[in-house]
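What follows is one structure encoded as structure tokens, with my remarks underneath.
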Amino acid sequence: MRETGINYLLDHFPEQSAPLAIALIFGERNFIDPATIASYQKIGIIHLLAISGLHVGMLAGMFFLAGIRAGITREKMTSILLLILPLYAILIGAAPSVLRAVFMMLMVLLAKKLKAPVQLADVISIVFIGYLFISPYIIYNAGFQLSFAVALSLILSAPIILKRFSESYAAILAVSFVCQMAAIPILLWHFYEVSIISIIANLIFVPLYSSIILPVVLILFIFDLLTGGKADLLLSLFEKLISFLNWIAELLSAIPNSTLVLGRPSLIMLIVYLLLIPAFFAGWERSKNKKALFRSGVLPILAILIQYLSNVFTPAGEIIFIDVGQGDSILIKLPYGRGNYLIDAGGTLMFDTEDWRMRSDPYETGKDTVVPFLKSKGISKIDKFFLTHGDMDHIGGASAVIREMRVKSVVFSQGSEISEAEKDLIVQAKLKKSNIIFTKAGDNWSKGDSVFQVLSPFGDRMGAVYTGENDGSIVLFAKVGGLNWLFTGDLEETGESQLIKSYPNLKIDVLKIAHHGSKTSTTDSFLAAVKPRIAVISAGRNNRYGHPHNDVMGRLKDFNVHVLRTDKQGAVNYVFKGNSGTFSVQLP
């Protein structure tokens, strides 16, 4: 039935209305354009595209009213709803928010039928316990957490806080604010950021969706079914409205700094949120005037400020080899907010595929791994973004980083022919007002106790030393956290020979193994010259190239080098304070 309904909407509704109708009627968001989803997420109104208590309540109310108008008694309509609502929950996908709303309504209707007194706080508690009894691991689901936390906050706020607002827009604003406050710890834990303009966006969109969009979608769907597809004129008008709202959402999402990236809160910080936000609600309930309300309103702001300052002024720094599969992406995060440097952004190799096998929203390393990881660390700005060379497993995810982050400088190699992909990235970076830098051997800088120097490439494009793109990789030496690091891109044997010839005294502690452990790199002479104690290999699990090669692993063993691998151990992390630090690994 669900599939039939979805196909009917795709065939009969216009281009932008059909995906929205599918989301609001059948709970399936995969047909909505990813750009629209991203816009709604960024301005904090993505909940409007999910079936929730509002949708279930409105549909049940319309069905109940239609039955009464048809002459069916209230008692019989209540019994019919008790039978239909569980089937409806299954029909629309049984998402956590749907099950919560449906079973809360079932309990209220059952209590009304049995004439038993019931409180909504008891209802939501019973549904919560019952849900966990049946499916305990759902407690980790973001949708489950948000649905119950927001619903509970509204239930607890209704008797005193929300009752104070009589005007409709003031009530909507208050409801939106309560929901936003309740959701902050969950949003930060799962998505690492909160929308600053979400309250304004909700003030615009919630009345439109609850009063117009949702009922109109349901009515148009039923009308089109009953008339055999004769709702074209009404659907064309509705399409214009949806296009306009999507344009407004894109406009709001394009406002700079409209989201506050704070990162995933630590356990202590999570406890701070869980103490200060309820304290704010308690203070709001007791407040008799604006002055008292202002005093309690400082509490959630204080929690956000504490997390922001702890990110900026932390004395700890990190170097992280991000697990991006078959590719490279390395984050260097200096203490006290002195700098965030990113070396490459991984990338997915694309092969020719038939259209029917293409996903509507395919996995993309930058968008789905690198950017979320950076945000989880509370990073919204990259000071230097090094793109070591033009291979897609190094720069394929760069577009998303440039698009989603504030990148001050994008650094390219001056020792190899520039690729078409790099040219595209240069255009994107200029549009985002990032500085474009071409680097070569000799460039250097320092921040606090940390020192950085570019060791390769040599020369420039007009008279480049290297002809191969891999040997034109940016090679970066860094003295950070008490260790000497060498980040080698995809440097091969010729490039390694030139490196040790130009820097005969180069000695390092940690070596990023070049070219993911290809047998054309990491030669005996190179290892003998630089004498690393630790090697990090960034490669994909069971990759088609056989990286790292057995010969390379044998050489590293012969030189007594301790090896850390992203394909075996996940992300490799070095956390340091001053000149001492600790390595750890994190499975995905």
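Residues: numbered from 1 along the sequence shown. Values below: all heavy atoms of this structure, side chains included; hydrogens, waters and symmetry mates excluded.
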Practice task
Nearest 0.5 Å please: distance from the CD1 atom of Ile474 over to the OG1 atom of Thr439.
Solution key: 6.0 Å
Exercise for the section: Measure from the side-chain N and O atoms of Ser329 to the backbone N and O of Asp344, and report whether any donor-acceptor pair falls under 3.5 Å. Expected result: yes
Exercise for the section: Kindly say whether Gly263 contributes a backbone atom to a donor-acceptor pair with the side chain of Gln307 at under 3.5 angstrom? Expected result: yes
Handout entry: Residue Asn484 excluded, over 12 heavy atoms near CG under 6.0 Å
Key = yes
Problem - Shortest non-hydrogen separation from Lys381 to Met405 and the atoms involved - result: N-SD, 4.5 Å
Problem - Non-hydrogen atoms of Phe458 and Leu455 that approach each other most closely - result: CZ-O, 3.3 Å
Handout entry: Ser243 backbone acceptor or donor facing Asn246 side chain under 3.5 Å
Key = no
Exercise for the section: Count the heavy atoms of every other residue, nucleotide or ligand shown that sit under 6.0 Å from OH of Tyr308, and state whether that count exceeds 12. Expected result: no
Practice task
Taking only Lys NZ, Arg NE, NH1 and NH2, and the carboxylate oxygens of Asp or Glu, determine whether Lys512 and Asp328 approach each other closer than 4.0 Å.
Solution key: yes
Exercise for the section: State whether the side chain of Asp558 and the backbone N or O of Leu556 hold a donor-acceptor pair below 3.5 Å, judged by distance alone. Expected result: no
Practice task
Look at the side chain of Ser434 and the backbone N and O of Val407, then say whether any donor-acceptor pair between them is shorter than 3.5 Å.
Solution key: yes
Problem - Ser521 backbone acceptor or donor facing Ser518 side chain under 3.5 Å - result: no
Practice task
Return the minimal non-hydrogen interatomic distance between Val324 and Gly346, and the atom names on each side.
Solution key: CG2-CA, 4.0 Å
Problem - More than 12 heavy atoms of other groups within 6.0 Å of Arg338 CZ - result: yes
Exercise for the section: Return each pair, listed once, that meets salt bridge (Lys or Arg N to Asp or Glu O under 4.0 Å) where at least one residue sits in residues 246-271; pairs must be two or more places apart or across chains. Expected result: none
Exercise for the section: Run the numbers on Arg555 and Val561 for side chain to side chain contact (heavy atoms under 4.5 Å, CB included), then give the verdict. Expected result: CA-CA 9 Å; Arg555 291 172 207 154; Val561 180; over 6 Å; no
Handout entry: Pairwise distance CD(Glu15) to CD1(Ile242) - rounded to 0.5 angstrom
Key = 13.0 Å
Practice task
For a ring-ring contact (aromatic ring centres under 6.0 Å, His included) with His515, tell me which candidate from His547, His394, His549 qualifies.
Solution key: His547
Handout entry: Exceeds 12 heavy-atom contacts within 6.0 angstrom, atom CD1 of Ile46
Key = yes
Practice task
Would you check if Ile534 and Leu483 make a side-chain contact, meaning some heavy-atom pair closer than 4.5 Å?
Solution key: no
Problem - Gln41/Phe191 under side chain to side chain contact (heavy atoms under 4.5 Å, CB included): CA gap, chis, key distance, verdict - result: CA-CA 10 Å; Gln41 282 177 331; Phe191 309 109; 5.8 Å; no
Problem - Side-chain donor or acceptor of Ser538 paired with backbone N/O of Gly327 under 3.5 Å - result: yes
Problem - Trp189: partners by ring pair (Phe, Tyr, Trp, His ring centres under 6.0 Å), with sequence neighbours left out - result: none
Fill in the blank from the handout: Value for OH (Tyr545) from CG (Asp393), rounded to nearest 0.5 Å, stands at 7.0 Å
Handout entry: Side chains of Ile537 and Lys568 in contact at under 4.5 Å (non-hydrogen atoms)
Key = no
Problem - Spacing of Glu496 atom CD and Leu527 atom CG [to the nearest 0.5 Å] - result: 7.5 Å
Practice task
Taking the side chain as every heavy atom from C-beta outward, state whether Phe487 and Phe321 have any atom pair closer than 4.5 Å.
Solution key: yes
Handout entry: Any donor-acceptor pair under 3.5 Å from Lys432 side chain to Ala429 backbone
Key = no
Completion exercise
Between Leu188 and the options Leu270, Val261, Leu262, Leu260, the side chain to side chain contact (heavy atoms under 4.5 Å, CB included) test singles out Leu262
Problem - Residue pair His389, Ser413: steps toward the side chain to side chain contact (heavy atoms under 4.5 Å, CB included) verdict - result: CA-CA 6 Å; His389 63 297; Ser413 169; 5.6 Å; no
Handout entry: NZ-CG distance between Lys507 and Asp509, expressed to the nearest 0.5 angstrom
Key = 12.0 Å
Handout entry: Lys577 atom NZ: more than 12 heavy-atom contacts under 6.0 Å
Key = no
Exercise for the section: Answer whether the closest heavy-atom distance between the side chains of Thr488 and Ser473 falls below 4.5 Å. Expected result: no
Handout entry: Side chains of Asn543 and His516, donor plus acceptor under 3.5 Å
Key = no
Problem - Leu342 vs Leu374 side-chain heavy atoms within contact, under 4.5 Å - result: yes
Handout entry: Minimal non-hydrogen separation, Leu486 against Leu506, with atom names
Key = CD2-CD2, 4.2 Å
Exercise for the section: Taking the side chain as every heavy atom from C-beta outward, state whether Ile320 and Lys377 have any pair of such atoms under 4.5 Å apart. Expected result: yes
Handout entry: CA sep, side-chain torsions, deciding dist, call: Ser399, Leu425, side chain to side chain contact (heavy atoms under 4.5 Å, CB included)
Key = CA-CA 6 Å; Ser399 179; Leu425 290 172; 4.1 Å; yes
Handout entry: Tyr341/Phe452 aromatic ring centres below 6.0 Å
Key = yes
Practice task
Verify the distance criterion only: is there a donor paired with an acceptor across the side chains of Glu493 and Thr523 at less than 3.5 Å?
Solution key: no
Practice task
Please answer whether the main-chain N or O of Gly495 pairs with a side-chain N or O of Asp471 as donor and acceptor at a distance below 3.5 Å.
Solution key: yes
Handout entry: Ile268, CD1: over 12 other non-hydrogen atoms inside 6.0 angstrom
Key = no
Practice task
Would you name the heavy atoms of Thr365 and Ala345 that are closest together and state the gap between them?
Solution key: CG2-O, 3.9 Å
Handout entry: Distance (rounded to the nearest 0.5 Å) between Thr522 OG1 and Leu491 CG
Key = 9.0 Å
Exercise for the section: Report yes or no: does Gln145 contribute a side-chain atom to a donor-acceptor pair with the main-chain N or O of Ile139 at less than 3.5 Å? Expected result: yes
Problem - 4.5 Å side-chain heavy-atom contact, Trp485 and Leu476 - result: no
Handout entry: Set of salt bridge (Lys or Arg N to Asp or Glu O under 4.0 Å) partners for Asp567, sequence neighbours left out
Key = Arg565
Practice task
Apply side-chain hydrogen bond (donor to acceptor under 3.5 Å, both in side chains) to Thr520 and Glu492, showing your working.
Solution key: CA-CA 6 Å; Thr520 58; Glu492 295 188 324; 3.3 Å; yes
Handout entry: Any side-chain heavy-atom pair of Leu276 and Pro300 under 4.5 Å
Key = no
Fill in the blank from the handout: Looking only at heavy atoms, the pair that brings Gly143 and Pro96 closest together is C-CB, 4.2 Å
Exercise for the section: Show your reasoning for whether side-chain hydrogen bond (donor to acceptor under 3.5 Å, both in side chains) applies to Gln586 and Asn573. Expected result: CA-CA 8 Å; Gln586 179 65 55; Asn573 191 12; over 6 Å; no
